[in-house]
Amino acid sequence: MGLIHNSRIKSPWIMHFDNSSCNGCDIEVLACLTPLYDVERFGIVNMGNPKHADVLLITGPVNRRTARVLRNLYDQVPGPKMVIAVGTCASTGGVFHNCYNVLGGVDKVVPVDVYIPGCSVRPEAIIDGVVLALQKLASANL
Amino acid sequence: MENIIQITKNDIVNEGKKLLDAGAKFVTAVCNDLDEKLEVTYFFSANRGVDLTCLRYTVGKDEEVPSLTGTTLSTLLIENEMKELFGLKVKDLAIDYGGHLMLAHDSPTTPMLKPKKAEAESKGEI
Amino acid sequence: MATRTTVPFGPQHPVLPEPVQLRITYEDEKVVEVVPVIGYGQRGIEKACELNEYNKNIYLCERVCGICSYQHSESVVLATEQLWPLDIPPRTKFLRTIWAEMARTHSHLLWLGLFADAFGYESMFLQFWRIREKVLDILEQTAGHRVIQSVNVVGGVRRDIDEAQKKTVIDTLNVVRRESDDLVNVLINDYTVKSRTVGVGVMTKAQAMALGCVGPTLRGSGVSEDARLTKYSAYGELNYEPIVETAGDCYARMKVRARELFQAIDLQMEALSKLPEGEIAIKVKGGPPANETVARTEAPRGELYYYAKGNGTRHLERMKIRTPTFANLPAVLILLPGCQLADVPVNIHSLDPCISCTER
Ligand code: SF4
């Protein structure tokens, strides 16, 4: 339980990746950062670089082309890392389940820690999901 | 739909150019699978986008068809898309994505084609 | 000799939340070549539209794009209704128009924010998004959800706007208008914004027509074209004339959207004041007959074309979706070459790209 571990829980850095979502969840993820929901007051910062991130927020179902990109990004995030599947289609494939180019949920490619259902998810639910992930991170024996 | 002009595949470039020169704008193209053949429809809009004109031709599935990209770049993406999703053999594309504009290497090929009626019947799917 | 470097822009990039890759070749700081690589958002919705029953397509097509999702659902129901064709009650038409303009208001606010962010005005981005939340609130109150409304069905709409809601909508819109007025003033008159956008990414009228651009991108280049001129839904009964700017640069495209924001508010007010009484939906039996049709609506990003072909069953024979960004994307081929590295995000954002639309 060192300093780094504590600060990770207190101020997780997030990276958002859009697989092939419909944008519905993406704009809600962005909305979380804006004044009404303002997750920055919890120390959550949105990052563009996977190497800086602790938490990976993934929206949208995995398709055949993004599968490789997602795998790549996941490998670049330094551990311990949390993966959150935001939205129904990121969790299971959802409404796109019968599309030919869709592999299914994010968990087909990388391990997922928290699933947030909803289509599109509400910003409140995203914040709840991140808190759940942080609890998991805090209780992990690192 | 009104204003459908039936043409042959070799006329598409000339007819398309005529419309474009008259001030029309290319809108999109639609490919339909008619079991044995493919039906391709090019849409053009004119008069502030209100009027639509369609040029339509029908070709066999293994015939080559000319591309409009020599005349206008606006058809670039859609012709590549038809080539990929329907297997329409468009030749002389300005930029040929080689079947990977939309689809990845392990995606199904020509996914938009319907199962052949005769085959589907023999399998008892209809 | 200047060195050439090719840099991949995306598919995961802080400027664009969406997966698209632009392979940009620079000569020193100048862009010389660009190849868009798409396909990261390809799902295969058009095929799935044939596999689903026609009334389930609404929920699928709404999720082609989450930002203009309302216009997608409107187009898909318009296309399906035109196959019969069905006679839609006037109140429904007005309600659809009101929600369409509400969706445009939220989309343009979203875009103005993202655009401000593209040249580094982060607090302005946050301010626009703060205002946008108010629009989302009235959308949620009247249509049922913030982002994906699912309010349209074939034959009508599922919700009505009552008197109390009408009042809230009008009050909120007034607040939105007042607050965005302040911000838009800054955006339009600010010296720094002008120096980043005026004369950047110029597209002439002829180029825009030749590339088949649509929506604000086209209107920013001086072409007065808009699908709302076809008078679908209730636009025939409203006082509508497209907004046009002639300069064709990023500043002009921004101005078109900023002015359309206020126009959308005006259109909502007008439609609310003219809202006729009556039914909001009709009963529909059976599947659409064998027929083909095109539905055209004006999404925030431009003209949306749905081509539908029925075959008499409850499944459609073919559904083709031509989204605005699909038409606007070739414009990067002429906007980017020649511009500076730092102007790339501004140029790309000025087209308002929506990638998940493009690839469906
Ligand atoms: S869960 Fe729904 S709203 Fe979210 S990205 Fe998927 S389809 Fe869009």
Side-chain angles (χ1 to χ4, degrees), chain A residues 15-38 40 46-50 53 56-70 72-73 76 87-89 93-103 118-124, chain C residues 10-21 37-49 51-52 56 59-60 62-69 72 106-107 110 113-114 117 123 125-134 136-137 140 145-148 150 354-357 359-360:
Chain A
M15 200 197 72
H16 159 232
F17 177 63
D18 172 346
N19 270 315
S20 47
S21 80
C22 80
N23 277 343
C25 289
D26 300 280
I27 53 176
E28 294 294 53
V29 168
L30 271 183
C32 285
L33 302 168
T34 55
L36 191 67
Y37 297 99
D38 195 13
E40 276 196 34
N46 191 24
M47 277 292 121
N49 187 340
L56 207 49
L57 278 182
I58 303 175
T59 54
V62 180
N63 79 3
R64 290 177 202 270
R65 193 173 285 198
T66 49
R68 186 182 53 87
V69 184
L70 178 58
N72 215 334
L73 282 174
Q76 288 183 44
T88 307
C89 68
V95 66
F96 305 121
H97 67 99
N98 57 358
C99 298
Y100 56 80
N101 212 21
V102 169
L103 291 175
C119 186
S120 66
V121 292
R122 299 184 60 87
E124 292 93 331
Chain C
Q12 191 269 331
H13 196 277
V15 169
L16 275 179
E18 290 180 87
V20 63
Q21 192 180 40
V37 180
I38 59 175
Y40 294 95
Q42 228 271 332
R43 285 153 282 177
I45 289 182
E46 286 178 9
K47 185 72 188 173
C49 282
L51 305 175
N52 291 348
K56 292 187 184 155
Y59 309 108
L60 182 62
E62 255 181 337
R63 289 163 176 83
V64 170
C65 168
I67 308 178
C68 23
S69 86
H72 277 279
H106 107 71
S107 172
L110 173 140
L114 288 178
D117 198 37
S123 81
F125 158 66
L126 295 178
Q127 291 295 337
F128 272 119
W129 280 57
R130 181 179 57 78
I131 305 175
R132 177 176 164 265
E133 289 292 335
K134 297 200 169 74
L136 291 184
D137 283 347
E140 182 172 14
H145 196 280
R146 288 161 55 90
V147 181
I148 310 265
S150 298
C354 171
I355 305 303
S356 62
C357 267
E359 297 156 17
R360 310 168 302 274

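Proteins get letters first, then strands, A, B, ... in listed order; numbering begins at 1 in each. As the structure is a prediction and not an experimental result, all values here were calculated from the model.
Remark: of the listed residues A/L57, A/N46, A/I58, A/L73, A/L73 is the sole one forming a side-chain contact (heavy atoms from CB on, under 4.5 Å) with A/M15.
Considering CG of C/L126 and CG of C/D117, their distance stands at 8.0 Å, rounded to 0.5 Å. Note that OG1 of A/T34 is 10.5 Å distant from CD of A/E40, once rounded to the nearest 0.5 Å.
Both the backbone and the side chain of A/A31 come within contact range of chain C, judged by heavy atoms closer than 4.5 Å. With a threshold of 4.5 angstrom between heavy atoms, A/C119 approaches chain C through its backbone and through its side chain. With a threshold of 4.5 angstrom between heavy atoms, A/L33 approaches chain C through N, CA, C or O but not through any side-chain atom. Only the side chain of C/R146 comes within contact range of chain A, judged by heavy atoms closer than 4.5 Å. Contacts between A/L36 and chain C at a heavy-atom distance below 4.5 Å involve the side chain alone, from C-beta outward.
Counting heavy-atom pairs closer than 4.5 Å to chain C, the top residue among A/C89, A/C25, A/P35 is A/P35.
The backbone N or O of C/S150 lies less than 3.5 Å from a partner atom in the side chain of C/E62, making a donor-acceptor pair.
Side chains of C/H145 and A/S120 form a contact here, defined as non-hydrogen atoms less than 4.5 Å apart.
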